[in-house]
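Because only heavy atoms are used, hydrogens play no part in the values below, and waters and symmetry mates are left out as well, while side chains stay in. We count ligands from 1, going down the list as the structure has it; atoms in each ligand are counted the same way.
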Amino acid sequence: MFSSVLIANRGEIAVRVMKTAKRLGLRTIAVYSEADAGAMHVRMADEAYPIGPAAARESYLVIDKIIAVAKQSGAEAIHPGYGFLSERAEFAEACAEAGIVFVGPPATAIRAMGLKDGAKALMQKAGVPVVPGYHGANQDPKFLKEKAYEVGYPVLIKAVAGGGGKGMKRVDKAMDFDEALASAQREAQGAFGDPRVLIEKYVLSPRHIEIQVFGDTQGNVVHLFERDCSLQRRHQKVIEEAPAPGMPAAMREAMGRAAVEAARAVGYVGAGTVEFIADGSNGLDPTKFWFMEMNTRLQVEHPVTEAITGQDLVEWQLRVAAGEPLPLSQENLAIHGHAVEARLYAEDPEKGFLPSTGTLHALEFGAAEGVRIDTGVEEGAEVSPYYDPMIAKVIARGATRDEALDRLGQALAGTVVAGPRTNVTFLTALTEAEGFRAGDFDTGFIDRNVEVLGAVPQPMDAKAAAVGVLGIVQRQMKHAWRAEQQHRDGYSPWSVMSADAFRLSDSPRHQNVPVVVDGELHSARLTFPRGFPVAEVAGQTAEMSPWYKGYLGFLETFLLDNDLRNYPRDVALVPSADAIFVIRNGRQTEVRAFDPLDVDLDHLDGGGSVKAPMHGKVVQVFVEPGQQVAKGDRVAVIEAMKMEHTLLAPSDGVVTSVSVTAGEQVAEGAPVAAIEAAQDQAA
Ligand code: ADP
Ligand code: ADP
Ligand code: MG
């Protein structure tokens, strides 16, 4: 075993790799971009080196910079994690050239599996069943359309260089083919710089089942069973588990054999995953699974395999990279119990899963037995727009699938995140969702159940808003108290109110105050029965708990902001400098005091302006000044993190101005276009 390893990655996977490396006594070396200077993986490493600006293209993806740090620090090995450089053959080669061990497969294996068309052809030759379709060189649209007809609709158009579900279009009928092809090619060119596609039969009731394989330099190859990753959204995994529900022993054996075959065919060494698609329409069947692709790296969801096999896959990777034989042979590997992983993301399921950024004002995970949390951030950290917005992976194990799901649900339900929006309530709902719970699901499950899962716009949580208003009152009272101490006057309607309110003896009977709840202006009503404030928003009220009132006598304690948290006790209140986050049943409601002097509230005008929902890059602009638009027309496409977001016209009207051009970077809230609504014109 070598004595040092550089981790060419960030976030949870860098932290996870370092944990094992440290346990094995290796010196750990981190690299970090400007955005990550204070990150967990940097603090955890024995040594850390800056490698440039936040944009991955200028830091984590620059091979030369990473090799230079490896040389400077004397790293004997480099672990690439997943994503970034992990599947770049040139990186593996650059490591070899520099005399550093690349913790991964040989460059030849990465190359062989790098493009989906070549990989499929190779697998076919090796006798591994592949999804029927066309994966040849001819890219003529007419020819491809003929092929689609031969394959039979529905078909899937896939980018040969694809990954992360990008450049993939399902087509149900010939009429839609041309447009889907053009769009897939455009996306593929944009994301991978390669417009080539392949055509595949779209498997009905698809189950994504993948096999973890491992090879060593002595020519041994084993598999560590399957993972079921069928709970997906936009072809991306949301919840993964092992073993696969309803998996017949014969199928496990057939898939395991096929995966080992696939790995052998490319001289595989290290950790890899062979992804298959299975037809689940009549339960799983050993004759109905087909090779999709091989990922030549450690997978995000590897912890569920670790949980059921009792093995540390990163340790296996390091040992194999050091030339040791595989720690166990196939006969000595067995499945124990069940494990499930949920990917906790900073995104808003109620708004089409729009990625969400910002400071994590609170981050606490619910406690449950058998739960493992893999994360690279902690309270106070920033979810930046530069990288994947994953906050953590929550992994639960149990003796049975039900037990594992119960524990996962419990851990998620107890999780509190304040600041960025998250998918935590969505994930919790998934752990309880009927069909999924029964093991009766396929990759379309989430799309079919978005409403049940709460992934649609929800009405304001008025109760939470009222609680938030109380939080503001408390804070304002504190400020008023301070102001009074210093003989200063407040300015905003809030501070006037609270100054009054603080004079509890002559407080007004009631008061209406403007509040901003999740970006929308509302009126809250405050009353002061017996001197303690009661807040009402949209018919829901909140009052201070008796427990809290007890503290009012002790002004010193009362003045501590920290007291806001866990009060009242069924919700979590998390204050930031200018807002109160109320977490109720896992859902976040953001409450701010409306201050007319606050110039930063122009996003409230809503109306006819189209604004960037997040930091990102303008990909395309569809309108120009003077153009008539109908409500719902496309205005622009913004790309942020891993997704494209289409901005739509909020109403019928005329475009009065366009403030962006394609290619431009925009900040969250930046104006994109202004539309004068039809009725405005009439008036
Ligand atoms: P796939 O979806 O390709 O089958 P995974 O589920 O393992 O495989 O997802 C890997 C993806 O995670 C990468 O393709 C990349 O988009 C994303 N990613 C890359 N680097 C990171 C990172 N440091 N943290 C979180 N996600 C990352
Ligand atoms: P990526 O490189 O983006 O991970 P994959 O080929 O692994 O691309 O496909 C991603 C997802 O798309 C799969 O997990 C599966 O849900 C779906 N998918 C891929 N191929 C098919 C197919 N032929 N039929 C049905 N679904 C498919
Ligand atoms: Mg895949």
Side-chain angles (χ1 to χ4, degrees), residues 82-83 86-88 110 112-124 128-135 147-148 150-172 180 184 187-188 190-192 194 196-213 226-241 244 255 259 262 271-281 284 288-302 341 343 388 436 441-448 642-644:
Y82 55 73
S86 62
E87 294 184 274
R88 291 265 292 273
I110 300 179
M113 290 297 187
L115 296 175
K116 293 188 202 291
D117 54 348
K120 280 184 80 174
L122 203 87
M123 289 303 103
Q124 237 170 348
V128 175
V130 305
V131 186
Y134 174 75
H135 48 261
K147 285 292 162 192
E150 281 170 27
V151 168
Y153 288 96
V155 300
L156 196 60
I157 305 175
K158 270 189 197 178
V160 302
K166 271 194 171 182
M168 200 176 289
K169 300 279 164 196
R170 174 182 167 160
V171 194
D172 289 313
E187 235 177 272
F192 315 110
D194 182 346
R196 288 176 300 154
V197 297
L198 56 81
I199 310 287
E200 250 175 31
K201 177 87 186 157
Y202 187 86
V203 175
L204 293 173
S205 292
R207 286 271 295 273
H208 173 120
I209 301 180
E210 58 185 35
I211 303 280
Q212 174 72 54
V213 293
E226 79 277 9
R227 290 184 289 258
D228 190 324
C229 314
S230 301
L231 279 194
Q232 302 188 345
R233 211 185 63 78
R234 290 177 171 228
H235 306 298
Q236 293 195 56
K237 299 158 186 168
V238 176
I239 286 190
E240 307 99 341
E241 62 183 305
M255 281 182 111
T273 295
V274 184
E275 295 190 333
F276 294 98
I277 195 91
D279 178 346
S281 51
L284 293 173
K288 288 185 178 162
F289 69 87
W290 302 274
F291 172 88
M292 278 194 301
E293 66 163 344
M294 180 168 187
N295 292 326
T296 52
R297 55 173 160 84
L298 189 69
Q299 205 99 334
V300 174
E301 57 275 20
H302 75 277
E341 169 184 288
R343 300 187 186 193
D388 190 278
F436 175 56
F441 62 103
D442 59 36
T443 61
F445 184 87
I446 288 177
D447 283 341
R448 286 194 299 274
K642 283 156 78 185
M643 281 192 292
E644 284 189 354

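If you take CD on E240 and CD on E301, they are separated by 4.5 Å, rounding to the nearest 0.5 Å. Atoms CD and OG1, from E210 and T273 in turn, are 5.0 Å apart once rounded to the nearest 0.5 Å. In this structure, the separation between OG1 on T296 and CD on E87 is 4.0 Å, given to the nearest 0.5 Å. Atom-to-atom distance recorded for Y202:OH and I157:CD1 is 13.5 Å, nearest 0.5 angstrom. Atom CG of L231 sits about 7.5 Å away from atom CD of E241, to the nearest 0.5 Å. D447 contributes atom CG, which lies 9.5 Å from atom CZ of R234 (distance to the nearest 0.5 angstrom).
Each of the following atoms of ligand 2 lies closer than 4.0 Å to a heavy atom of H208: 13 (C), 14 (O). Every atom of ligand 2 is numbered from 1 in the order shown, and the set under 4.0 Å from a heavy atom of G162 is 2 (O). For ligand 2 and M168, the ligand atoms under 4.0 Å from any heavy atom of the residue are 3 (O), 5 (P), 8 (O), 9 (O), 10 (C), 12 (O). Residue G164 approaches ligand 2 through these ligand atoms, each under 4.0 Å from one of its heavy atoms: 1 (P), 3 (O). Atom numbering of ligand 2 starts at 1 in the shown order; those under 4.0 Å from a heavy atom of V131 are 23 (N). Atoms of ligand 2 found under 4.0 Å from any heavy atom of V203 (numbered from 1 in listed order, with element): 22 (C), 24 (N), 25 (C). Those atoms of ligand 2 with a heavy atom of Q232 less than 4.0 angstrom away are 11 (C), 13 (C), 14 (O), 15 (C), 16 (O). Taking every non-hydrogen atom of K116 and a distance limit under 4.0 Å, the qualifying atoms of ligand 2 come out as 1 (P), 2 (O), 5 (P), 6 (O), 8 (O).
The atom of E293 nearest to the Mg ion (ligand 3) is OE2, with the search restricted to N, O or S atoms. With respect to the Mg ion (ligand 3), E275 has OE1 as its nearest N, O or S atom.
Every N/O-N/O distance between L156 and ligand 2 stays at or above 3.5 Å. Checked against a 3.5 angstrom limit, the closest N/O atoms of P206 and ligand 2 fall outside it. Inclusion of E200 in the set of residues having an N or O under 3.5 Å from an N or O of ligand 2 is warranted.
Two residues are said to be in side-chain contact when any heavy atoms from C-beta on lie closer than 4.5 Å; M294 and V213 meet this criterion.
At a heavy-atom distance under 4.0 Å, only side-chain atoms of K158, from C-beta outward, approach ligand 2. The side chain of T443, and not its backbone, has at least one atom closer than 4.0 Å to an atom of ligand 2 (non-hydrogen atoms only; side chain from C-beta on).
With salt bridges taken as basic N to acidic carboxylate O contacts below 4.0 Å, none links E200 and K116. Comment: R227 does not engage E341 in a salt bridge, judged by the lack of any side-chain N to carboxylate O separation of less than 4.0 angstrom.
Nearest-heavy-atom check against atom 23 (N) of ligand 2 across K201, K166, R170 picks out K201.
In this structure, K237 falls outside the shell of residues with a heavy atom less than 4.0 angstrom from ligand 2.
Scanning both residues, Y153 and K201, for their nearest heavy atoms gives O-NZ, 3.8 Å.
A cation-pi arrangement is present between R207 and F441, with the terminal nitrogen or guanidinium carbon under 6.0 Å from the aromatic centre and inside a 45° cone about the axis.
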